[in-house]
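Notes follow the structure.
For ligands, and for the atoms within them, numbers begin at 1 and follow the listed sequence. Quantities reported herein were computed from a predicted structural model and do not represent experimental measurements.
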Amino acid sequence: MAERVRQRGISIYRPIIYGNTATVLTQEERNALSTPDHTHKWTVAVRSAASAPDSDIVGGADDLSYFIKRVTFKLHETYPNPTRNVDKPPFEVSETGWGEFEIQIRITFVPESGEKAITFYHHLKLHPWTVAGEPEIPPLEEALKLGPVHSWQYDEIVFNDPFQSFLQTLLAHPPTPLPKSKRRPVPFHVANPGSLEASKGGVPEFTADMEKEEGERLETAKQAVIAETDKWRGLLIEKEKELERLKKQLES
Ligand code: SLL
């Protein structure tokens with residue numbers, strides 16, 4: 001079949017984000033639940049990296065169903081039917097709960113892609129990040145003021161040597177580019193943007209600048225690893241020489 005021909009040497013990627021947003025429930029909301037011990041409502045999702053302009057959703061500008069067939073979210077076993085299959089966009093699950101846990105996120109691609117499914121792990125985050133990075137659960141009143149918690153990971157799904165027909169599908173759906181820099185003042189690492197920005201409905205977003213900075217961090221780290229490897233290799237060669245020398249001494 002002609003369209004099952006692989007385009008050798010071609011690499012094409014699609015930027016995605018996965019993660020969650022969580023909002024603390026008011027006492028009234030808690031009382032209205034069949035599970036009044038639940039303290040938060042949350043949504044875990046796989047989305048396109050770019051956000052739609054003026055949207056209060058992190059990411060999600062593009063519909064990813066042209067290459068994603070199914071996303072399986074494996075929740076904590078305290079949830080009924082913890083394995084949740086989502087076969088159409090939005091690829092997300094919303095729940096209420098009281099605890100943070102690890103969610104397995106398995107992405108199955110459209111069959112035409114011939115690609116194997118991939119798995120990500122996301123730690124469901126319910127509580128605001130603190131400056132010190134210490135876990136600290138704020139009292140309800142304060143949590144309500146701080147607004148939603150966001151925890152999102154940017155990633156790129158790379159397709160190597162794609163099938164010709166799948167490549168055509170991908171090329172027909174170019175991803176919305178990330179904005180160069182932030183259009184909104186909300187930082188990512190601090191989920192609680194402060195009551196002022198929270199009241200403006202501030203939502204963090206991924207930008208091309210962040211991508212660039214991440215690339216630079218990776219490059220710096222790579223250089224450090226290379227330097228360190230060189231240093232130890234040199235030391236190893238020296239020690240091996242010494243070993244040879246000592247062996248010879250021993251023999252003679
Ligand atoms: C913890 N290791 O102890 C974690 C477990 C489980 C969270 C968290 C809802 C369960 C239900 C829920 O929030 N489970 O359906 O009632 O923090």
With the threshold set at 4.0 Å, does a side-chain nitrogen-carboxylate oxygen contact exist between Lys145 and Glu142?
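Salt bridge flag = no for Glu142 with Lys145.
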Taking only Lys NZ, Arg NE, NH1 and NH2, and the carboxylate oxygens of Asp or Glu, determine whether Lys212 and Glu216 approach each other closer than 4.0 Å.
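Glu216 and Lys212: salt-bridged.
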Using the six-membered ring wherever Trp is involved, compare the ring planes of Tyr79 and His38 and label them parallel, tilted or perpendicular (cut-offs 30° and 60°).
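If you compare the ring of Tyr79 with that of His38, the planes turn out tilted.
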Check ligand 1 against Gly97 and write out every atom of the ligand that is under 4.0 Å from a heavy-atom position of the residue.
13 (O)
So is Pro80 polar-close to ligand 1, meaning N/O to N/O under 3.5 Å?
no
[atom]: nearest protein contact (heavy atom, Å):
atom: atom 5 (C) of ligand 1; value: His76 NE2, 3.5 Å
atom: atom 12 (C) of ligand 1; value: Tyr79 OH, 3.4 Å
atom: atom 13 (O) of ligand 1; value: Trp98 N, 2.8 Å
atom: atom 14 (N) of ligand 1; value: Thr78 OG1, 2.9 Å
atom: atom 8 (C) of ligand 1; value: Glu100 O, 3.6 Å

May I have the step-by-step check of side chain to side chain donor-acceptor pair (under 3.5 Å) for Asn20 and His122, ending in yes or no?
CA-CA 8 Å; Asn20 82 279; His122 172 70; 2.7 Å; yes
State, with a plain yes or no, whether a side-chain heavy atom of Tyr18 is found less than 4.5 Å away from one of Ile107.
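SC-SC contact between Tyr18 and Ile107 ruled out.
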Residue pair Arg47 / Phe91, side-chain heavy-atom distance below 4.5 Å:
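They are not in contact (no side-chain heavy atoms under 4.5 Å apart), so the answer is no.
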Taking non-hydrogen atoms only, is His38 closer than 4.0 angstrom to ligand 1 via side chain, backbone, both or neither?
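Looking at His38 and ligand 1, just side chain atoms fall under 4.0 Å.
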